Amino acid sequence: MKKVLLGLIAIGLSTVAMAQDAADKKVQAGLILGAGINMQKMGTKIIETNSVGNDLTIGMNMNYAFNENIGFNSGVEFDFSTVKYKTSSTNQIYYWYTDSKILQQDEVAGATSKELFKLSSRAQKGTYITLPTMLLFRTNFIGYFRYFGKFGLRNSFLVASKINDAGVNYVSDQPGNSSEVPGENLNMQAKGDMFFFKSAVGLSGGAEWNFVGSTSLVAEIGFYYGFTPLHLDKNEGNTTLFTAAVFNGTTSDNHFSNQATQQQLQFKVSILF
């Protein structure tokens, strides 16, 4: 019995010692990997959201401790984000393009080899550099574990984007007067369509496992509410999308910009040293 008690005491002391290594650190830094879902809130009825998109995050995070229970979380993350759209049942949406470039309205007249595309669905991919700025609230270690919550902002800057569209190509210049060829336009570029800055406020919670020395494995889940637009609201000459309506035998084009904000649910795992 005495040996059992001594063994339990030794295990308890070693647990406290290991947890103390992480608890005493002013700065923790390490790698982070995350995945999540993107949910768009539309600001227009011309185009609709097409189920949820996805998000992949890799990068580096850092925790700075003001004391054992309160700190600051930041870092540099790369977000590979996809959002999905489809045309509404009441609108047919078109754009002009040449090669892999979707033309703005001011560019259409001067293009010599333009083609017309009728859109049915779109997957829009963006690569962002994200700088999280979060307040961190943590419990004391309970054995090898402590639990935390974060609250703050994720500010993202767009560095690249591409578009994969499904729909119909037209052989000639006029919708409704030409043969239609179903197809896809992949890896397309639309200048100035996505807004270069994205910001979201949110909170997350999770657990930190101090599994050896001062090294910890961290798991968390968070929800983020975006309050900046995903797309740039442009003047008519710089728009790429339009609807075509026939009135008294005349085709009238209605040019518009896509409008949406984003909500994200993210799952992350990180290892901190």
Side-chain angles (χ1 to χ4, degrees), residues 38 40 42-54 79-128 157-198 229-247 249-262:
N38 299 327
Q40 279 57 253
M42 303 304 297
T44 176
K45 295 181 180 179
I46 302 175
I47 191 169
E48 299 176 348
T49 184
N50 186 18
S51 72
V52 298
N54 55 73
D79 285 340
F80 303 92
S81 178
T82 300
V83 293
K84 297 179 181 180
Y85 302 108
K86 63 181 179 180
T87 57
S88 69
S89 58
T90 57
N91 292 290
Q92 293 185 329
I93 298 174
Y94 303 87
Y95 64 77
W96 295 99
Y97 73 98
T98 176
D99 193 23
S100 61
K101 180 183 179 181
I102 299 175
L103 299 176
Q104 296 180 347
Q105 302 306 323
D106 284 344
E107 299 172 322
V108 172
T112 57
S113 59
K114 63 182 181 291
E115 298 180 70
L116 185 65
F117 190 82
K118 181 171 72 172
L119 183 67
S120 61
S121 65
R122 166 170 288 187
Q124 199 151 5
K125 300 176 182 292
T127 301
Y128 294 88
F157 300 88
L158 182 70
V159 294
S161 65
K162 64 180 181 179
I163 295 170
N164 294 331
D165 287 337
V168 171
N169 272 297
Y170 286 89
V171 174
S172 66
D173 292 349
Q174 293 299 322
N177 297 328
S178 307
S179 59
E180 298 182 346
V181 181
E184 294 182 319
N185 279 357
L186 304 179
N187 297 320
M188 304 295 289
Q189 302 288 330
K191 180 182 177 181
D193 180 79
M194 298 191 76
F195 193 46
F196 75 95
F197 176 70
K198 181 174 70 171
L230 287 179
H231 303 278
L232 189 62
D233 188 12
K234 301 176 287 186
N235 60 46
E236 184 174 302
N238 293 328
T239 58
T240 58
L241 301 174
F242 65 94
T243 60
V246 178
F247 183 74
T250 302
T251 300
S252 175
D253 296 342
N254 174 34
H255 306 288
F256 72 98
S257 297
N258 195 5
Q259 299 178 39
T261 56
Q262 186 177 76

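The first residue of the sequence shown is numbered 1, and numbering continues consecutively from there. Remember, predicted model here, so these are calculated numbers, not experimental data.
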(request) Decide whether E180 and Y170 meet the rule of one side-chain donor and one side-chain acceptor closer than 3.5 Å. (result) yes

(message) What I want to check is whether the side chains of D253 and Q105 have a donor and an acceptor closer together than 3.5 Å.
(response) no

Within-4.5 Å side-chain heavy-atom neighbours: [X] and [Y]:
X: R122; Y: L241; value: yes
X: F195; Y: H231; value: no
X: Y85; Y: I163; value: no
X: I102; Y: D165; value: yes

(request) Output all residues satisfying side-chain contact (heavy atoms from CB on, under 4.5 Å) with Q259, sequence neighbours left out; order by chain, then residue number. (result) T44

(request) Report the residues that fulfil side-chain contact (heavy atoms from CB on, under 4.5 Å) with N50, sequence neighbours left out, ordered by chain and then residue number. (result) K84, K86, S121

(message) Within this structure, what is the CG-OG1 distance for the pair N254 and T239, rounded to the nearest 0.5 Å?
(response) 9.0 Å

(message) Does K234 have more than 12 heavy atoms from other residues, nucleotides or ligands lying within 6.0 Å of its NZ?
(response) yes

(request) Return the orientation label for the W96 and F242 ring planes: parallel under 30°, perpendicular over 60°, tilted otherwise. (result) parallel

(message) Run the ring-ring contact (aromatic ring centres under 6.0 Å, His included) test against F197 and tell me which residues pass, sequence neighbours left out.
(response) F157

(message) Test of understanding: with ring-ring contact (aromatic ring centres under 6.0 Å, His included), list the residues that count as partners of Y128, not counting sequence neighbours.
(response) none

(request) List in chain and number order the residues that pass side chain to side chain donor-acceptor pair (under 3.5 Å) with N238, two or more places apart in sequence or in another chain; answer none if no residue qualifies. (result) N235

(message) What verdict does the side-chain contact (heavy atoms from CB on, under 4.5 Å) test give for M42 and I47, after you've listed the backbone C-alpha separation in whole Å, the side-chain angles of each residue and the deciding distance to 0.1 Å?
(response) CA-CA 8 Å; M42 303 304 297; I47 191 169; 3.9 Å; yes

Validation: residues 182-190 side-chain donor-acceptor distances under 3.5 Å, sequence neighbours left out:
from: N185; atom 1: ND2; to: Y95; atom 2: OH; distance (Å): 3.1
from: N187; atom 1: OD1; to: K162; atom 2: NZ; distance (Å): 3.4
from: Q189; atom 1: NE2; to: S161; atom 2: O; distance (Å): 3.3

(message) Looking at E107 and K101, is any side-chain nitrogen of the basic one under 4.0 Å from a carboxylate oxygen of the acidic one?
(response) yes

